[in-house]
Amino acid sequence: MRTLDDATRLAYLKEMGITLWYQRGVPADDAVPEALPPAESLSQAISPDTSPSETVSPVSFVQADKTPSADVPDTAAWDQLLDEINHCQNCHLCQTRNRIVPGVGDRNADWLFVGEGPGYFEDQQGEPFVGRSGKLLDNMLAGMLLKRGSNVYIANIVKCRASEAGKDRQPTEEESAICMPFLERQIALIKPKIIVALGKTAATALLNTSRENSLSSMRRKIHYYQSGDRQIPLVITYHPSYLLRTPQGKQQAWEDLCMAMETLENSGV
Ligand code: URA
């Protein structure tokens with residue numbers, strides 16, 4: 001078991017537009033639950049950034065440490081896959097890319113976060129989510145007691161930057177479909193216990209569904225991603241770039257992340 005220092009967690013959650021959730025009238029010593037509270041109590045406990053802290057006891061956020069898995073990442077298969085990604089010329093994005101961005105993190109992670117595709121900064125550095133949206137993603141992870149590289153893998157649907165007139169753009173459905181087999185192989189190797197799709201491009205590509213669907217119609221439910229004979233729970237939330245433009249969506253995003261934590265907690269795997 002590990003708890004996140006309250007002040008640190010407050011700072012991360014504040015970044016998400018959320019103040020600490022409170023359990024009224026419970027002595028602090030008793031306030032550490034053995035497991036995450038049920039989703040309803042989590043979302044009820046989310047208070048807007050403006051609420052006063054009052055004289056209530058903060059609930060420590062507790063999550064079981066990852067049990068070392070018997071699964072040893074398949075190095076040869078990873079080497080083969082990364083070699084293919086790094087030399088990919090399957091679509092025209094290879095002509096304008098600076099760096100390929102295969103993904104980053106723990107190859108044995110429980111958590112897989114999937115974005116859309118690299119932007120300018122990711123294309124420069126070869127790592128996903130290193131720009132402003134990456135900082136927000138890191139804060140979202142920290143609020144969940146997670147950290148880039150530790151029990152978390154971060155990848156994108158498309159591995160090369162899509163741009164137009166020097167500006168980042170959404171990858172087309174064709175570009176996404178061409179690149180998707182790489183992510184499918186990454187998922188088969190990582191065997192995550194839960195996938196969080198960040199935004200509509202990721203959600204629709206992972207679910208092989210139409211981009212006509214609105215993100216709000218896809219949120220707030222557990223989907224499943226089929227990887228071989230495994231059904232991996234998939235939760236959909238807003239893309240961090242959207243949240244930077246629309247901070248009022250952060251509370252809903254936090255509810256999605258709480259649902260994902262609850263799902264993993266209850267999955268018993
Ligand atoms: N947006 C994404 O979807 N992915 C990144 O890696 C960076 C920004």
Side-chain angles (χ1 to χ4, degrees), residues 15-16 81-82 85-86 88 91 93-94 96-107 109 111-142 144 146-150 152-180 182-187 190 192 194-209 211 213 215 218-219 225 234-247 249-250 253 256-257 260:
E15 180 71 27
M16 284 293 292
L81 176 55
L82 290 178
I85 294 174
N86 286 327
C88 178
C91 83
L93 293 181
C94 69
T96 46
R97 73 180 172 224
N98 185 42
R99 301 270 301 264
I100 295 192
V101 185
V104 70
D106 182 348
R107 292 178 178 181
W111 289 86
L112 173 66
F113 287 78
V114 181
E116 178 176 292
Y120 173 82
F121 294 104
E122 292 76 23
D123 177 65
Q124 296 291 312
Q125 296 184 36
E127 179 168 335
F129 286 100
V130 291
R132 276 185 73 219
S133 61
K135 186 169 183 305
L136 179 55
L137 177 59
D138 286 340
N139 285 333
M140 291 158 75
L141 294 177
M144 301 166 74
L146 293 171
K147 195 167 79 177
R148 181 184 291 247
S150 175
V152 174
Y153 197 93
I154 304 172
N156 282 309
I157 299 295
V158 165
K159 311 298 189 206
C160 298
R161 180 185 181 217
S163 64
E164 198 164 301
K167 291 199 166 156
D168 298 341
R169 67 161 170 81
Q170 181 187 34
T172 63
E173 288 187 269
E174 189 189 358
E175 289 158 353
S176 298
I178 290 171
C179 219
M180 194 57 200
F182 286 141
L183 181 62
E184 286 165 3
R185 286 166 64 188
Q186 287 174 300
I187 294 173
I190 298 165
I194 190 153
I195 299 174
V196 179
L198 301 165
K200 199 205 281 202
T201 308
T204 52
L206 283 161
L207 294 175
N208 196 20
T209 185
R211 286 188 186 174
N213 293 315
L215 194 78
M218 292 186 280
R219 284 182 54 247
Y225 175 85
L234 185 151
V235 169
I236 296 168
T237 193
Y238 295 112
H239 192 283
S241 302
Y242 170 83
L243 294 175
L244 288 172
R245 294 191 303 274
T246 320
K250 286 180 178 180
D256 297 333
L257 299 178

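Numbering of ligands and ligand atoms starts at 1, following listing order. No hydrogens, no waters, no symmetry mates; every other heavy atom, side chains included, goes into these values.
Not a single heavy atom of Glu127 sits closer than 4.0 Å to an atom of ligand 1. Taking 4.0 Å as the cut-off, Ser241 does not count as a neighbour of ligand 1 on heavy-atom distance.
When non-hydrogen atoms are compared, ligand 1 lies under 4.0 Å from the side chain of Ser133 (C-beta onward) but not from its backbone. Counting heavy atoms under 4.0 Å from ligand 1, residue Glu122 touches it through the side chain alone.
At a threshold of 4.0 Å, the pair Asp123-Arg97 does not count as salt-bridged, since none of the basic side-chain nitrogens sits closer than that to a carboxylate oxygen.
At least one N or O atom of Phe129 sits closer than 3.5 Å to an N or O atom of ligand 1.
Judged by distance alone, with hydrogens and angles left aside, the side-chain atoms of Gln186 form a donor-acceptor pair with the main-chain N or O of Pro102 at under 3.5 Å. The closest donor-acceptor contact from the side chain of Arg169 to the backbone of Ala162 lies at 3.5 Å or more, if one exists at all. Of the possible donor and acceptor atoms, none in the side chain of Glu116 sits under 3.5 Å from a partner among the backbone N and O of Ile157.
With rounding to the nearest 0.5 angstrom, the CG atom of Leu136 is 6.0 Å from the CG atom of Leu243.
Other residues, nucleotides and ligands contribute over 12 non-hydrogen atoms within 6.0 Å of the CZ atom of Arg211.
Ala253 and Thr237 make their closest contact through CA-OG1, 3.3 Å (heavy atoms, listed as atom of the first residue, atom of the second, distance).
Listed by atom number, the atoms of ligand 1 under 4.0 Å from Pro128 heavy atoms are 6 (O). Heavy-atom proximity to His239, at under 4.0 Å, picks out these atoms of ligand 1: 1 (N), 2 (C), 3 (O). Proximity to Gly115 (heavy-atom distance under 4.0 Å) selects the following atoms of ligand 1: 3 (O). For ligand 1, the atoms sitting less than 4.0 Å from at least one non-hydrogen atom of Glu116 are 2 (C), 3 (O), numbered in the order shown with element in parentheses.
Residues meeting the side chain to side chain donor-acceptor pair (under 3.5 Å) test with Arg185, sequence neighbours left out: Glu84.
At the top of the distance list for atom 2 (C) of ligand 1, counting protein heavy atoms only, stands Gly117 O, 3.1 Å. Atom 4 (N) of ligand 1 has as its closest protein heavy atom Asn156 OD1, 2.8 Å.
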